[in-house]
Amino acid sequence: MEEMKRRNIEVSAYKRPRIENAKVEKLVPGGDGLIRHEGKVVFIPSVLPDEIVDVEITEQKRSFSRGICTSIHTPSVDRIAPRCPYYNVCGGCNLQHLDYPKQLEYKRGFVQELFYKFAGIDLDDDFEFIPSKPFAYRNRVQIHCDGHTIGFKGRSSDAVIAIDHCPILVDSLNQFLKEAELLEYNHRLNLFGLDDRVYPADTKEDITLDILEKSVSFRSDMFFQSNLFLLPELIEFALADLKGQKAMDLYCGTGLFSVFLKERFSEITAIEINPDVEEYYCKNMEGSSFDFYGLSLENWLKRGFHKNRGSMDLIVVDPPRIGLSKSVQDFLCEKPVPRLVYISCDPATQARDTARLLSSGYMIESIKGFDFYPQTNHMETVIRFIR
C-alpha cells in the first residue's frame, strides 16, 4: 500500500525537482506542452512547441509527471501576450498565449490525433474546423464567492480569484461581474447573459431565443449552449437535408434540435434525463407529433420503451462529455438507422464511440469541428453517419 501511494504524489514546493533547458516537443489535446525527461513524459501548461524552458515538477505519477514553466529561454514565434491580466492565475482559459489562427490549427490537429488514436481512422488534412469570435462570445458562466472575493476558481486551485472583467464573456456578464456585491459565504452562481440582461439560475426565469428563425425557450437554471454566435452554423451542418417519417432526439434538453426537426419528420421521440424540461420541450414543439420521456436514456432502454418505437429514419445524439454508455452504443448498433448525427463536446469520447459505430456498419458521411470555446482547449465536433 505504501508503495502505491508513492506512485501518485504531489511534490512539496520546497522539494520540487527542476529541469533546465528542456525543449517542448508538442501540444497535447488537453492544451499542455509535452517534454521528456529521463525517460518520462512531463506535461507543462502555457508553453508552445520548440520553446526552450525551465520547469519545476509539481506532481509525479507512475507513468508521467506534471510541472510548471518557470522560465522561457527561447519563445515560440507563435507566442503572443495574453489579453487577460488574470491569465495563468484564473483557471479558465489555457490557450491565450497562442495566436487565434494557430489555436484553430492545433485544435484541428487534436481532433485528428484523437480519432487516429481511438478510432484508427485518418481524418483528411482539409478537415474543417469552424472559427468563432475569439473574445466576447460566452453567454453562460459560473462565478464563485468565498465571503471575501467574487470571481473564478484559480488554476489548479479552489481559491477564488477576484475578477471584475473577463474578455471571453459577453458584455452583460462583465457588467454583472463589475457591479456584483459579495454573495453569501461559499456561494456559487450560474448565469446566462444576453445583450441586454443577465439571468441568474437561482431566479428560474424564462428565456426565449430566436435561432435561425425558430424560437427556443428554456429556464435560466437549465443547460443551454454557451456560444450563441456559433450555434446556427452547428445546427445547419448537423441537420442539413435531413427529413423522413420518424426521428429520435436523445439527450434532447428543451428541444434545441427537435425544433428544427419537427417540420421535417412526422413523429419525434425525445429523451432527456432532467424531467423538469418537459414543460419547455412541449412549448417548443407545440403543434407537432412527439413523445417525450423524462428519464435517463439508459433507464429508458432498460424499461424496454424502445421496443415499440418501430424503425427510425434518423437519430440525433448530443451526450455529456463522458460520451455514450455501453447500453446506448448497443442500442445504436443493434437498431440501425439510415442516418445518425453525433454532436460532442469531447472528441476523445466521440472517437472512442465512433470506433464501435463503424464496426457495426455505420460510415462517416461528414465531420466538422466547431470552436465553441476559443482561448481554451475545449471544442465541439459533429459527425454525420450513414449506414
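Every heavy atom of this structure was used, including side-chain atoms; hydrogens, water molecules and symmetry mates were not.
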Stepwise ring pair (Phe, Tyr, Trp, His ring centres under 6.0 Å) test for Phe224 and Phe218: CA-CA 8 Å; Phe224 202 82; Phe218 57 100; 4.2 Å; yes

I need the [X] [atom1] to [Y] [atom2] distance, nearest 0.5 Å.
{"X": "Lys246", "Y": "Asp291", "atom1": "NZ", "atom2": "CG", "value": "9.5 Å"}
{"X": "Leu48", "Y": "Leu98", "atom1": "CG", "atom2": "CG", "value": "5.5 Å"}
{"X": "Asn139", "Y": "Gln225", "atom1": "CG", "atom2": "CD", "value": "10.5 Å"}
{"X": "Ile19", "Y": "Ile57", "atom1": "CD1", "atom2": "CD1", "value": "4.0 Å"}
{"X": "Leu314", "Y": "Gln245", "atom1": "CG", "atom2": "CD", "value": "12.5 Å"}
{"X": "Leu234", "Y": "Phe370", "atom1": "CG", "atom2": "CZ", "value": "4.5 Å"}

Is it true that the side chains of [X] and [Y] contain a donor and an acceptor less than 3.5 Å apart?
{"X": "Gln103", "Y": "Gln375", "result": "yes"}
{"X": "Asn94", "Y": "Thr376", "result": "no"}
{"X": "Arg197", "Y": "Ser172", "result": "no"}
{"X": "Glu298", "Y": "Ser325", "result": "yes"}
{"X": "Gln350", "Y": "Thr381", "result": "yes"}
{"X": "Asn190", "Y": "Gln142", "result": "yes"}

Taking [Y]'s backbone N and O only, do any of them form a donor-acceptor pair with [X]'s side chain (distance below 3.5 Å, no angle check)?
{"X": "Ser217", "Y": "Tyr280", "result": "no"}
{"X": "Arg108", "Y": "Gly369", "result": "no"}
{"X": "Ser220", "Y": "Pro200", "result": "yes"}
{"X": "Arg352", "Y": "Ala348", "result": "no"}
{"X": "Glu267", "Y": "Ser289", "result": "no"}
{"X": "Asp99", "Y": "Asp78", "result": "no"}
{"X": "Arg36", "Y": "Lys23", "result": "no"}
{"X": "Tyr100", "Y": "Ser132", "result": "yes"}
{"X": "Lys335", "Y": "Gly310", "result": "yes"}
{"X": "Asp318", "Y": "Tyr342", "result": "no"}

Atom of [X], atom of [Y] and distance for their closest heavy-atom approach:
{"X": "Gln96", "Y": "Cys84", "value": "OE1-N, 3.0 Å"}
{"X": "Phe192", "Y": "Leu173", "value": "C-CD2, 4.3 Å"}
{"X": "Asp313", "Y": "Pro338", "value": "O-CD, 3.7 Å"}
{"X": "Ser215", "Y": "Asp210", "value": "OG-OD1, 3.0 Å"}
{"X": "Leu104", "Y": "Pro131", "value": "CD1-CB, 3.6 Å"}

Pair Leu231-Ile211, side chain to side chain contact (heavy atoms under 4.5 Å, CB included): steps then yes or no: CA-CA 8 Å; Leu231 191 55; Ile211 303 172; 3.7 Å; yes

Please determine if [X] and [Y] form a salt bridge, counting it only when a charged side-chain N lies under 4.0 Å from a carboxylate O.
{"X": "Asp371", "Y": "Lys107", "result": "yes"}
{"X": "Lys26", "Y": "Glu113", "result": "yes"}
{"X": "Arg66", "Y": "Glu56", "result": "no"}
{"X": "Arg356", "Y": "Asp330", "result": "yes"}

Side chain to side chain contact (heavy atoms under 4.5 Å, CB included) evaluation trace for Cys166 with Tyr86: CA-CA 9 Å; Cys166 171; Tyr86 307 106; over 6 Å; no

Worked check of side-chain hydrogen bond (donor to acceptor under 3.5 Å, both in side chains) between Ser46 and Arg155: CA-CA 12 Å; Ser46 302; Arg155 177 171 288 188; 3.0 Å; yes

Verdict with supporting geometry, Phe385 and Val337, side chain to side chain contact (heavy atoms under 4.5 Å, CB included): CA-CA 9 Å; Phe385 292 94; Val337 292; over 6 Å; no

Is [Y] reachable from [X] through a run of I, L, V, M, F, W or Y residues, each pair having side-chain heavy atoms under 4.5 Å apart?
{"X": "Leu242", "Y": "Phe237", "value": "yes"}
{"X": "Ile268", "Y": "Phe257", "value": "yes"}
{"X": "Val53", "Y": "Tyr106", "value": "no"}
{"X": "Leu209", "Y": "Met285", "value": "yes"}
{"X": "Leu324", "Y": "Leu295", "value": "yes"}

Aromatic plane relationship, Tyr373 with His378 - under 30° parallel, 30 to 60° tilted, over 60° perpendicular: perpendicular

Ring geometry between Trp300 and His306 (parallel below 30°, tilted from 30 to 60°, perpendicular above 60°): tilted

Intermediate values then yes/no, ring pair (Phe, Tyr, Trp, His ring centres under 6.0 Å), Tyr281 and Phe290: CA-CA 10 Å; Tyr281 187 90; Phe290 64 89; 5.4 Å; yes

Derivation and outcome, side-chain hydrogen bond (donor to acceptor under 3.5 Å, both in side chains), residues Asp353 and Gln329: CA-CA 7 Å; Asp353 298 340; Gln329 291 180 34; 3.0 Å; yes

Full working for salt bridge (charged side-chain N to carboxylate O under 4.0 Å, His left out) between Asp158 and Lys153: CA-CA 6 Å; Asp158 283 332; Lys153 291 291 185 71; 3.7 Å; yes

NZ/Lys40: more than 12 non-hydrogen atoms of other groups inside 6.0 Å: yes

Neighbour count >12 (heavy atoms, 6.0 Å) for atom CG, Asn21: yes

Pairs where residues 375-384 contributes a residue and the test salt bridge (charged side-chain N to carboxylate O under 4.0 Å, His left out) is met, not counting sequence neighbours: Glu365-Arg384

Distance flag, aromatic centroids of His144 and Phe152, threshold under 6.0 Å: no

Stepwise side chain to side chain contact (heavy atoms under 4.5 Å, CB included) check, Leu194 with Tyr199: CA-CA 8 Å; Leu194 297 177; Tyr199 298 84; 3.9 Å; yes

Worked verdict on Thr70 versus Asp54 for side-chain hydrogen bond (donor to acceptor under 3.5 Å, both in side chains): CA-CA 6 Å; Thr70 58; Asp54 292 344; 4.8 Å; no

